[in-house]
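As structure tokens, the structure follows; a few thoughts come after it.
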Amino acid sequence: MIRVVVVDDQPLVRAGIVMLVNAEEDIRVVAEATDGQEALTQIRAERPDVVLMDVRMPGTDGVAATHAVVEEGLTSQSGQPVGIIILTTYHIDEAVYAALRAGASGFLLKDAAPAEIVNAIRSVVAGEAWLDPAVARRLIDEFAARPEPHTPTPAEMEQLTPREREVLSLMARGLSNADVAVELFISEATVKTHLARIMMKLGVREKAQAVAAAYQTGLVQPPTR
């Protein structure tokens with residue numbers, strides 16, 4: 001059973017997400033929260049697999065809460081890091097950009113189709129990033145417009161081996177770890193090893209950040225639509 005915490009300050013939005021998630025046989029909402037501080041309390045107590053985190057809330061917002069989860073190294077009951085999916089009304093904005101840098105595994109629009117929300121939860125539990133390809137260009141523009149000290153640079157990208165660049169390119173095009181393994185005729189465990197080395201070399205904590213860096217540095221071209 002995939003255990004989820006839903007965080008949103010709007011009761012109707014939160015209730016709708018909870019109802020949608022609980023409709024799945026393999027996913028269950030174990031707690032709700034109305035702000036980032038309450039979210040941290042629930043996450044520490046429940047140790048969920050995934051948190052659906054509203055990015056903008058009164059008091060402690062989604063960015064600060066995400067940063068705290070990552071900094072504390074909070075884990076699920078299975079021992080894996082808690083995955084955080086940012087919920088936003090907008091396609092991409094500064095707050096989402098900051099949340100991804102803080103360590104979120106991806107983001108969803110609040111008006112995303114029910115199937116997309118469910119798929120995002122399952123993908124993050126499987127160790128995948130969830131970045132909507134339709135808004136990837138906006139994400140890359142945001143990264144490029146607001147460079148920060150820890151933004152991976154082309155020089156850092158050059159540290160990657162040809163195989164690591166190949167793995168990252170495929171992931172940036174939306175392939176899962178399993179798909180990359182099939183494409184390159186290697187084991188999924190080897191793919192995960194490559195990914196760990198990629199993130200270490202680029203100085204990022206999440207696959208989502210490595211994927212964004214692949215677009216930002218030109219390793220992969222963003223979609224034209």
Side-chain angles (χ1 to χ4, degrees), residues 1-4 20-21 24-27 48-53 66 70 75-76 78-88 91-92 96 99-101 103-109 112-140 143 152 157 160-202 204-217 219-225:
M1 184 67 69
I2 299 173
R3 306 173 75 255
V4 176
L20 184 156
V21 171
E24 299 297 315
E25 293 184 357
D26 61 331
I27 308 175
D49 299 292
V50 175
V51 179
L52 296 178
M53 180 87 74
T66 296
V70 173
T75 60
S76 66
S78 66
Q80 297 300 311
V82 174
I84 299 177
I85 301 173
I86 292 297
L87 300 175
T88 178
H91 283 284
I92 184 68
V96 175
L100 288 174
R101 286 205 172 279
S105 299
F107 71 92
L108 276 171
L109 301 180
E116 185 176 2
I117 295 175
V118 171
N119 288 339
I121 291 172
R122 292 187 177 125
S123 293
V124 168
V125 169
E128 308 297 333
W130 188 269
L131 297 176
D132 185 347
V135 294
R137 180 177 291 279
R138 293 184 184 89
L139 175 62
I140 306 317
F143 268 74
M157 192 67 71
L160 303 183
T161 66
R163 176 61 94 185
E164 288 167 349
R165 291 167 66 88
E166 193 172 16
V167 167
L168 182 55
S169 294
L170 292 173
M171 289 180 172
R173 293 188 173 96
L175 274 68
S176 67
N177 289 356
D179 292 335
V180 172
V182 172
E183 182 76 16
L184 298 180
F185 301 100
I186 58 180
S187 70
E188 191 169 348
T190 299
V191 173
K192 291 179 179 178
T193 298
H194 283 309
L195 178 58
R197 290 173 178 166
I198 289 168
M199 292 191 296
M200 179 184 67
K201 290 180 179 180
L202 297 182
V204 297
R205 295 177 176 177
E206 289 287 336
K207 179 179 173 180
Q209 296 168 308
V211 167
Y215 282 109
Q216 180 191 10
T217 58
L219 180 64
V220 177
Q221 294 301 311
T224 55
R225 63 187 179 92

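Since the structure is predicted, the reported quantities are computational estimates derived from the model, not experimental observations.
- Contact record, T66 with A104: CG2-N, 3.7 Å, taken as the closest heavy-atom pair.
- Once rounded to the nearest 0.5 Å, the distance linking CE of M53 with CD1 of I86 reads 6.0 Å.
- When side chains are defined from C-beta on, K207 counts as touching N177, because their heavy atoms get closer than 4.5 Å.
- Atom CD1 of residue I121 and atom CZ of residue R3 lie 13.5 Å apart, to the nearest 0.5 angstrom.
- Checking side-chain atoms of S123 against main-chain N and O of N119 turns up a donor-acceptor pair under 3.5 Å.
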* Asked: Between I85 and V50, is a side-chain contact (heavy atoms from CB on, under 4.5 Å) present by the stated rule, with each step listed?
  -> CA-CA 7 Å; I85 301 173; V50 175; 3.9 Å; yes
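- Here the side chains of L168 and H194 are not in contact, with every heavy-atom distance at 4.5 Å or above.
- Within the 3.5 Å criterion, the main-chain N or O of M1 finds no donor-acceptor partner in the side chain of D26.
- Note that CG of L170 and CZ of R165 are 13.0 Å apart. Values are rounded to the nearest 0.5 Å.
- Atom CG of L202 is separated from atom CG of L160 by 5.0 Å, given to the nearest 0.5 angstrom.
- Side-chain contact check for E116 versus L109: every heavy-atom pair is 4.5 Å or farther apart.
- T88 and F107 get closest at one heavy-atom pair: CG2-CD1, 4.2 Å.
- Considering all non-hydrogen atoms of both residues, G83 and S105 come closest at CA-OG, 3.9 Å.
- With rounding to the nearest 0.5 angstrom, the CG atom of L52 is 7.0 Å from the CG atom of L108.
- Using a 4.5 Å heavy-atom threshold, the side chains of V191 and M171 count as touching.
- Within the 3.5 Å criterion, the main-chain N or O of T161 finds a donor-acceptor partner in the side chain of E164.
- Within a 6.0 Å sphere centred on CZ of R197, heavy atoms belonging to other residues, nucleotides or ligands number 12 at most.
- Here CZ of R122 is found 4.5 Å from CD1 of I27. Values are rounded to the nearest 0.5 Å.
- Closest of all the heavy-atom pairs between P48 and V82 is O-CG2, 3.5 Å.
- Residues T190 and S187 bring a donor and an acceptor atom of their side chains to less than 3.5 Å of each other.
- Taking every heavy atom of both residues into account, S169 and L219 meet most closely at OG-CG, 3.5 Å.
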